Student: 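Please find one structure pasted underneath; my questions will follow.
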Amino acid sequence: MSCVKVSPATVFTLNINSIAPDKSISHRSVMFAMLAQGTSEIENFLRAEDTLNSLAIVKNLGAKVEDNGEIIKISSDGIKESFEILDCGNSGTGMRLFCGLLSSAEGHFILTGDKYLRKRPMKRVTEPLISIGANIDGREAGNLAPLSIRGASLKSFNYESKIASAQVKSCMLLAALRADGICTYTEPELSRDHTERMLKGMGADIKVEGLKTTIAPLKNLLAPLKIRVPSDPSSAFFFAVAAAITPEASVVLEGVTLNPTRIEAFKVLEKMGANITYEITADKYEPIGNIHVKYAPLHAITVENNISWLIDELPALSIAMASAEGTSIVKNAEELRVKESDRISTVVNGLLLCGIDVKEYDDGYEIVGGNLQKAKVDSDGDHRIAMSFIIAGLKCGMEVSDLDCINTSFPNFFDLIEEMTNLEFD
Ligand code: S3P
């Protein structure tokens with residue numbers, strides 16, 4: 001499947017209970033199961049390429065995995081050296097978190113990824129890990145995968161990160177679990193906190209005070225994880241935008257994590273005028289519930305704070321901005337440049353093709369809301385760019401190419417879109 005033609009949608013009212021399970025939590029679940037004594041049970045694991053790669057790596061590291069299609073049971077008696085090269089595919093989260101997990105494991109490990117991941121910066125994790133004694137190397141002095149890791153003894157640390165990145169934070173917290181003393185990690189802005197919540201739930205000695213996390217090395221193995229992975233707000237957000245730009249449409253997005261570090265994009269869409277309400281239905285490790293979104297005319301907004309809380313949703317939010325009245329601005333979002341694609345240029349170039357007046361900045365863009373027009377847009381191998389422009393197509397029609405990447409995070413995306421409009425695949 002290389003190209004899809006999307007027709008404009010007419011009114012829809014949908015309850016969606018099959019949004020892809022959360023990617024961040026799925027990666028972490030299988031990795032953290034390796035730190036537990038006993039069998040972890042993971043329900044509603046995301047069966048998409050990125051997270052299935054993490055599951056395959058965990059198996060290659062010696063974990064015993066039983067999967068009945070509904071619940072994945074994982075038990076481990078320690079990380080074992082692998083005969084295989086560990087392939088993270090397209091996933092930055094996979095590669096960066098495994099760096100933290102493996103840097104103290106006994107043995108030698110090679111982490112690699114696809115042609116996109118092998119171009120993404122790894123120095124942000126390899127540098128702090130090397131500074132505490134890790135033995136890691138790769139191209140560009142340890143910046144680019146393939147990475148080679150020989151497990152080593154790690155020293156305790158007080159690390160002040162310059163970037164608000166949950167991947168860097170999680171990598172260092174995993175390393176801290178095997179360091180030789182109590183560690184602290186401070187970040188400039190709070191990034192998503194699934195790692196802290198899950199490790200705490202498993203019994204780790206971890207304390208969060210504002211932007212500072214203090215964590216003690218493991219004395220014993222952790223308690224096994226028993227988790228039902230909630231739906232992914234980043235995946236749900238495509239449908240929030242779909243409803244927000246389609247007159248009289250509405251959606252209910254069920255079973256989504258309502259962790260505040262993950263739903264900021266919904267809050268922004270609400271400030272732009274969309275009618276959004278939240279309903280908490282469960283609370284394990286984090287609050288979970290339903291998000292109701294109803295169409296209302298949108299107006300422009302400036303987004304410049306808490307960027308890490310909505311970084312993954314900015315491509316879809318840019319479609320809402322292009323449909324809003326007035327000029328919207330995104331600032332302080334330079335991290336977009338090092339995602340699955342350079343998302344500042346892929347968003348700007350895509351919107352220009354759709355006839356929207358856009359200006360590119362080093363750290364963001366300015367979008368003058370107007371009439372989105374049908375165009376041919378290539379995803380540049382980036383799942384969130386592909387899905388964002390397919391959503392734009394619900395308004396004006398669209399042809400989007402390079403679609404295989406959608407399988408990295410949301411394999412049933414097209415089944416859900418087909419409930420709103422007609423699709424033609426080439
Ligand atoms: C993620 C953290 C974020 C996010 C990514 C998933 C995670 O990346 O963009 O999709 O699961 O920790 P950064 O840590 O690079 O901000």
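Here the structure is a predicted model, which means the values were calculated and not measured. When a ligand or atom number is given, it counts from 1 through the structure's own listing order.
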Student: Taking CD in Glu209 as the centre, count heavy atoms belonging to other residues, nucleotides or ligands within less than 6.0 Å. Is the count above 12?
Tutor: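 Above 12, so yes.
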Student: Is the closest basic N to carboxylate O distance between Arg343 and Glu335 below 4.0 Å?
Tutor: no
Student: For ligand 1, which is the ligand I care about here, please tell me if Val168 has any N or O atom under 3.5 Å from one of the ligand's N or O atoms.
Tutor: no
Student: Between Arg384 and ligand 1, is there a nitrogen or oxygen pair with a distance under 3.5 Å?
Tutor: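 For ligand 1, there is no N or O atom that lies under 3.5 Å from one belonging to Arg384.
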Student: Nearest to atom 3 (C) of ligand 1, what protein heavy atom do you find, and at what distance?
Tutor: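 Ranking protein heavy atoms by distance from atom 3 (C) of ligand 1, first comes Lys339 NZ, 3.9 Å.
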Student: If you count every heavy atom of other residues, nucleotides or ligands that lies below 6.0 Å from Lys212 atom NZ, does the total exceed 12?
Tutor: no
Student: List the closest protein heavy-atom neighbour of atom 11 (O) of ligand 1: residue, atom name, distance to the nearest 0.1 Å.
Tutor: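 The closest one turns out to be Ser24 OG, 2.7 Å.
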Student: Tell me the protein heavy atom at minimum distance from atom 6 (C) of ligand 1, and give that distance in Å.
Tutor: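 Result for atom 6 (C) of ligand 1: Thr93 OG1, 3.3 Å.
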Student: With respect to Ser165, determine whether any N or O atom, backbone or side chain, lies less than 3.5 Å from an N or O atom of ligand 1.
Tutor: yes
Student: Taking 4.0 angstrom as the limit, do Lys155 and Asp180 come out as a salt bridge?
Tutor: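 Looking at Asp180 together with Lys155, the answer is no, because their closest N to O distance does not fall below 4.0 Å.
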Student: Just wondering, are more than 12 heavy atoms of other shown residues or ligands nearer than 6.0 Å to CD in Glu160?
Tutor: no
Student: Give yes if a backbone or side-chain nitrogen or oxygen of Asp312 is under 3.5 Å from a nitrogen or oxygen of ligand 1, and no if not.
Tutor: yes
Student: Heavy atoms only: which of Arg192, Arg28, Lys169, Arg96 is nearest to atom 12 (O) of ligand 1?
Tutor: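 Of the listed residues, Arg28 has the closest heavy atom.
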Student: Which of the numbered atoms in ligand 1 are under 4.0 angstrom from any heavy atom belonging to Ile311?
Tutor: 9 (O)
Student: For a quick check under 3.5 Å, do Ser379 and Asp382 share a side-chain donor-acceptor pair by atom type?
Tutor: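 No, because no side-chain N or O of Ser379 sits under 3.5 Å from a partner of the opposite role on Asp382.
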Student: Tell me yes or no: between the side chains of Ser148 and Asp137, is some donor less than 3.5 Å from an acceptor?
Tutor: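 There is no such pair (donor and acceptor under 3.5 Å, judged by atom type) between the side chains of Ser148 and Asp137.
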